[in-house]
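Each remark here refers to the structure printed beneath this line.
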Amino acid sequence: MAVKLTKNELRDQQKRLSLFQKYLPTLQLKKAMLQFEVTQAVTEIAHLKEVFGKAKEVAEDFSPLLLETDVIHYAEISYIKKHYENIAGVEIPIFENIVFHEPDYFLFDTPVWTDRATELIRELLVAREKVSIAEEKKRALEKELREVSIRVNLFEKVLIPRSQDNIKKIKVFLGDQQLAAVAQAKVAKAKIKEEA
């Protein structure tokens, strides 16, 4: 893109450069915050997967008994409660809890371990959903981090250097013009003195 070599363009380029330099630290801070949040999310997912693994092991102890009854129907999910928070400009999901359908069975017609098995399956489902929501959070943060990184690179590697180069070109051109004008003025002055 051709740059006009004028004083007005010089002023515009200087304003543009000052804006870029003003916004760059904010973008860099946002990038650092997002990198921290992504790291936290990775740690959280690892912990939640560990909790899920333990819940799965405990639930597997009941697996032979689960084949005998319909305990899994007692742990049907009604809905998952979550809310969204804004972290570094990103709406991320936060797990609240899971609401299960209340089991409808007659206490004396079911095995003694039904309540405990239902509770374990529910714990397993809660752990699974926590992992799922934490991964959704991580994806949202990583997406925003990629976008912010692109902007930071654009500012650092394209916009700021381009503005600096344009300012340099304009200053050199205007300096050369001023030098030429001074030289012409001296020549004209010398001619006027010769004629006088």
Side-chain angles (χ1 to χ4, degrees), residues 1-50 52 79-98 128-196:
M1 182 172 89
V3 178
K4 296 177 188 172
L5 302 173
T6 63
K7 288 183 180 179
N8 286 339
E9 182 65 21
L10 176 63
R11 245 189 332 271
D12 290 346
Q13 289 291 330
Q14 288 170 332
K15 280 183 190 175
R16 200 172 293 143
L17 177 61
S18 109
L19 281 176
F20 295 153
Q21 290 172 334
K22 178 182 173 185
Y23 291 134
L24 180 61
T26 305
L27 285 173
Q28 289 170 328
L29 179 62
K30 184 174 181 177
K31 180 181 175 182
M33 286 174 60
L34 287 167
Q35 287 170 331
F36 174 76
E37 289 295 333
V38 167
T39 305
Q40 292 289 96
V42 168
T43 306
E44 179 186 9
I45 289 170
H47 171 72
L48 290 173
K49 282 185 175 179
E50 188 178 309
F52 176 71
Y79 59 93
I80 299 167
K81 283 178 125 180
K82 61 182 176 178
H83 69 277
Y84 289 85
E85 286 184 6
N86 189 319
I87 295 182
V90 184
E91 293 292 318
I92 60 164
I94 305 294
F95 177 84
E96 287 183 31
N97 67 357
I98 295 179
R128 183 190 71 188
E129 286 306 315
K130 283 183 177 180
V131 169
S132 173
I133 289 174
E135 287 174 343
E136 182 184 341
K137 170 185 172 179
K138 181 178 160 252
R139 282 190 302 273
L141 289 167
E142 286 176 333
K143 180 179 182 248
E144 185 68 16
L145 177 60
R146 275 191 302 277
E147 291 174 6
V148 169
S149 294
I150 288 169
R151 280 189 230 130
V152 167
N153 287 339
L154 177 67
F155 274 64
E156 287 179 339
K157 297 183 173 131
V158 178
L159 297 176
I160 290 176
R162 184 184 297 157
S163 289
Q164 289 171 333
D165 287 346
N166 289 343
I167 289 169
K168 189 175 176 182
K169 283 179 193 173
I170 295 169
K171 282 183 175 180
V172 166
F173 178 78
L174 292 177
D176 288 349
Q177 266 193 335
Q178 191 175 9
L179 223 72
V182 168
Q184 285 176 351
K186 284 183 179 179
V187 168
K189 189 175 180 182
K191 282 186 179 182
I192 292 172
K193 280 186 177 180
E194 281 178 22
E195 290 175 5

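Atoms considered below: every heavy atom in the structure, side chains included; atoms not considered: hydrogens, waters and symmetry mates.
- Here the straight-line distance linking atom CG of Asn97 with atom NZ of Lys130 works out to 9.5 Å at 0.5 Å rounding.
- Few gaps surround NZ on Lys82; more than 12 heavy atoms of other groups in view lie less than 6.0 Å from it.
- The two residues Val38 and Leu141 come nearest to each other via the heavy atoms CG2-CB, 3.7 Å.
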Can you check side-chain contact (heavy atoms from CB on, under 4.5 Å) on Ile80 and Phe95, steps first, answer last? CA-CA 8 Å; Ile80 299 167; Phe95 177 84; 4.3 Å; yes

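- Atoms NE2 and CD1, on His83 and Ile92 in that order, are 8.5 Å from each other to the nearest 0.5 Å.
- A ring pair (Phe, Tyr, Trp, His ring centres under 6.0 Å) check over residues 162-187, counting only residues at least two apart or in different chains, returns nothing.
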Could you check Glu9 against Asp12 for side-chain contact (heavy atoms from CB on, under 4.5 Å), going step by step and ending with a plain yes or no? CA-CA 5 Å; Glu9 182 65 21; Asp12 290 346; 4.2 Å; yes

Check the pair Ile133, Lys137 against side-chain contact (heavy atoms from CB on, under 4.5 Å), reporting the backbone distance first and the verdict last. CA-CA 6 Å; Ile133 289 174; Lys137 170 185 172 179; 5.6 Å; no

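- Between Ala88 and Lys30, the shortest heavy-atom contact is O-CE, 3.0 Å.
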Please walk me through it: do Leu174 and Leu5 pass side-chain contact (heavy atoms from CB on, under 4.5 Å)? CA-CA 7 Å; Leu174 292 177; Leu5 302 173; 5.8 Å; no

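- In plain terms, the two heavy atoms of Val131 and Lys49 that are nearest each other are CG2-N, 3.8 Å.
- Rounding to the nearest 0.5 Å places NZ of Lys15 at 12.0 Å from CD of Gln13.
- For Phe20, the ring pair (Phe, Tyr, Trp, His ring centres under 6.0 Å) criterion is met by Phe155, not counting sequence neighbours.
- Rounded to the nearest 0.5 Å, atoms CG (Leu27) and CG (Leu154) are 9.5 Å apart.
- At least one side-chain heavy atom of Leu17 sits less than 4.5 Å from a side-chain heavy atom of Gln164.
- In terms of heavy-atom proximity, Leu145 sits nearest to Lys31 at CD1-O, 3.7 Å.
- Taken from CZ in Phe52 to CZ in Arg128, the straight-line distance is 7.0 Å, to the nearest 0.5 Å.
- Between the side chains of Glu44 and Gln40, not a single donor N or O lies within less than 3.5 Å of an accepting N or O.
- The distance from atom CD1 of Ile170 to atom CD of Gln14, rounded to the nearest 0.5 Å, is 8.0 Å.
- When every heavy atom of Lys171 is checked against every heavy atom of Leu10, the shortest pair comes out as CG-CD1, 4.0 Å.
- Judged by distance alone, the side chains of Gln28 and Glu156 do bring a donor and an acceptor atom under 3.5 Å apart.
- Each of Lys143, Glu142, Glu144 was compared with Leu34 under the side-chain contact (heavy atoms from CB on, under 4.5 Å) criterion, and only Glu144 meets it.
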